[in-house]
Each structure stands twice: as C-alpha cells, then as structure tokens.
Q: 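Before I ask anything, let me first share the structure, which is written out below as structure tokens.
Atoms within a ligand are numbered from 1 in the order they appear, just like the ligands themselves. In this text the structure is predicted, and so the values were computed from the model without any measurement. Starting from 1, each residue takes its place in the sequence as its number.
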Amino acid sequence: MARAYNFSAGPATLPLEVLQQVQADLVDYKGTGMSVMEMSHRGKDYDAIHAEAIANFKELCGIGDDYEVVFVQGGGSMQFAMIPMNFLEAGDTADYANMGTWSGKALKEAQKVAALRGASVNTVANCAKDIPTRMPADGEWKFTEGAKYAHICTNETISGVQLKKLPEVNVPLFADMSSDILGIDRDFTKFDLFYAGAQKNLGPSGMAVVAIKKELAAKGNDKIPTLLQYRTHVDNNSLYNTPPTFSIYVFGEVMKWVKKTGKANLFALNDAKAKKIYDAIDSTEFYRGTALKEYRSNMNVTFRLPTEELEAKFVADAKALGMSSLKGHRSVGGIRATIYNAFPMAGVDALVEFMKDFEKKNG
Ligand SMILES: *Cc1c(COP(=O)(O)O)cnc(C)c1O
C-alpha cells in the first residue's frame with residue numbers, strides 16, 4: 001500500500017484508521033449482511049449510526065440541547081444561499097464580512113437574495129483589498145445595529161488566513177467553518193449557526209454539517225422550497241428525504257477518531273505541524289509566506305517561491321516524491337500545503353525536508 005501525503009484542501013486526507021474501519025465494514029456492516037450504503041435510512045441500524053454521529057459532534061463542539069445538528073446536501077456553498085433565503089426578509093439588514101474568497105462568495109449570494117426580497121446586505125470588516133494576506137483586525141469590525149445576523153468565515157482556505165480571535169457582536173453570529181472546524185479551539189456557543197462543508201476536517205464531500213440554534217430554525221422563512229428550509233431538516237432529524245447516509249456514517253467514524261485522539265492533543269498537533277512549515281518558510285528568503293504572521297492558518301499554509309517556474313517545479317518534484325496537491329488554488333497561485341486534522345506529522349516532516357533540499361538545488 002502506498003499512501004500519498006495528500007496536501008489537498010478538499011476533499012482531503014482522512015484518518016487512515018477511519019478508512020480501514022470503513023473498508024472492514026464495507027460489505028457487511030457489523031453482521032447486518034449489508035453495506036451502510038445499502039441500508040434503509042429508516043432502519044434501526046442506520047438510525048444508531050446517525051444518532052451517534054450527531055451526539056459525538058455536539059459533544060466535541062461543546063454545544064447543548066439548544067442546538068440542532070443537521071446534514072444538508074450541496075456542500076458549504078449551498079449554505080451561502082440557504083442562510084439568506086431563510087433569514088433575510090424585506091427591510092432586513094445582514095452583515096457580511098469580506099475576508100477572502102469564501103466569505104466573498106457568501107456575500108454575493110446574500111446580495112442576490114437581498115435584491116430579490118428588498119433586503120440589504122452590509123459589508124462589515126471589508127479587507128478585500130488585502131486578500132490574501134490578512135483577515136479583519138480587531139478595530140475593523142463595524143456591525144450594524146439591529147442586523148438580522150452577521151456572517152463570517154473563520155478560516156479562508158485559499159488565502160491561508162485564520163481568525164484567531166472572534167469579533168464581539170450583539171447580533172446573532174453565523175460562521176462558515178468549513179476549513180477549520182474542530183481544528184482549532186473555538187467557543188462554538190458564541191454562534192447561533194455554524195456550518196462546514198464536510199470534505200475538509202469532517203469526512204467525505206457533498207454535504208454540510210450545520211449546527212443551528214433550535215429557536216432560530218423555527219423563525220426561518222416558510223414560503224421557500226421545503227428542502228431549503230432549516231426547519232425541515234431540524235423537524236425531521238435530517239431524514240425528511242434520503243440523506244447522504246454513507247457520508248454521514250464516515251463522518252461519524254471521523255468523530256469517533258477525533259474523540260479518541262483527544263481535542264486538546266489534536267489542536268496542539270495541528271499547531272506544531274503548522275509551526276514546522278512556517279519555521280521552514282521563515283528560515284530563508286527563498287520562501288515567502290503569503291499571510292501576515294498574526295493571521296497565519298494552522299490548516300492551510302500558503303507561500304510563494306521566487307518565480308512561478310520554480311513553483312511549478314516545486315509542485316512536480318514534490319509529487320514525484322509522493323507529496324501531492326501542493327499547488328495553490330488556481331485563483332491565487334503559489335503553493336498551499338493543507339494540513340487538516342487527519343494530515344500526519346510524518347508528511348509535514350517530509351515536506352520540510354523537501355523544502356530544504358529543493359532550495360539547495362534550485363536556490
Ligand atoms: C471548501 C469551502 C467551501 C465550499 O465547500 P463546497 O462543499 O465545495 O461547497 C466553503 N467555505 C470554505 C471556507 C471552504 O473551505
């Protein structure tokens with residue numbers, strides 16, 4: 001077996017132990033005589049998987065019974081549309097931070113819905129001109145009195161910048177946490193709604209895991225299509241229609257793995273992995289970190305080399321050594337090393353050694 005060190009930003013590396021468990025369970029899940037893929041989503045075997053996955057996620061996030069956790073198809077991007085469709089009515093204002101590509105996309109979707117409905121969207125903490133180097137600074141947050149909600153992104157996956165300190169808000173706070181959920185210590189109770197496309201830190205692609213305050217789901221618009229209402233997913237325990245059962249099962253296995261590893265251990269390991277790469281970048285002029293130091297992400301490490309030709313060679317040479325997907329996002333170029341929870345330290349060590357060697361040969 002040859003596992004690559006997969007630096008992809010999503011779909012991303014899953015824990016090997018989880019993949020092996022999934023493999024062992026694949027054709028006969030715990031003596032049921034069938035794969036989880038083949039089971040009825042209304043049966044008791046699947047029901048146990050579903051319930052345990054949600055319970056473990058809630059425990060890991062430290063959220064209580066005032067939250068519901070639902071699985072919604074359409075990935076992180078569908079949430080960009082669902083949020084304003086549910087909560088932005090005529091005359092309302094919503095605050096959106098523009099902190100990078102993803103929060104910028106969320107902002108655009110909200111503007112579309114606002115235009116249809118006669119609502120307004122206010123760009124708060126707009127650091128668009130400094131993308132990809134930073135996130136909003138403390139004093140930059142200017143929320144609107146009476147806004148329906150404020151939307152932020154905790155980690156901008158493409159820039160490699162991360163919000164280390166949450167803003168103080170007096171309106172409901174919503175967050176896209178697709179690329180750092182359970183990868184850094186956060187107080188999840190500060191959010192009325194948070195979500196993550198699963199394919200970064202949580203499991204397979206194609207769905208978002210959404211945590212929403214119960215009372216908030218009940219307040220959403222009830223005139224929009226049924227499947228787009230949070231209330232539908234909340235009231236039916238994500239079983240209104242057939243959910244992505246296999247993805248939810250794998251997500252549940254990842255949650256068991258996070259619990260077994262221990263959150264504190266995982267956060268410390270993530271910081272240590274990131275520090276090794278940033279130290280390698282900072283130890284020479286050859287590599288140049290893209291993000292300002294105080295905003296550096298512990299999940300997506302972005303950097304440049306002296307020329308684009310060298311960057312292309314760096315990516316190709318690394319690939320030949322079993323380190324894949326180091327090319328930065330097509331919109332920004334450069335190099336991006338993504339090191340989510342499941343990415344092993346041995347892969348970071350291999351990258352750092354390669355960086356030194358590459359500079360010696362090409363610097
Ligand atoms: C990947 C990503 C998304 C989009 O997720 P999809 O599941 O591809 O729609 C949204 N936000 C952030 C921060 C991401 O990293």
Q: Just jot down the side-chain hydrogen bond (donor to acceptor under 3.5 Å, both in side chains) partners of Asp192, sequence neighbours excluded, or say none.
A: none
Q: With sequence neighbours excluded, tell me which residues meet side-chain contact (heavy atoms from CB on, under 4.5 Å) with Glu109.
A: Phe80, Ala81, Lys112
Q: Name the residues with a heavy atom less than 4.0 Å from ligand 1?
A: Gly75, Gly76, Ser77, Phe80, Trp102, Cys153, Asn155, Thr157, Asp176, Ser178, Ser179, Gln199, Lys200
Q: So, using side-chain hydrogen bond (donor to acceptor under 3.5 Å, both in side chains) as the criterion, who are the partners of Thr338 when residues are at least two apart?
A: Asn300
Q: Hey, do the aromatic rings of Phe194 and Phe188 have their centres closer than 6.0 Å?
A: yes
Q: Could you tell me how the ring of Tyr249 sits relative to the ring of Tyr29: parallel (under 30°), tilted (30 to 60°) or perpendicular (over 60°)?
A: perpendicular
Q: When the ring centroid of Phe303 is compared with that of Tyr278, is the distance short of 6.0 Å?
A: no
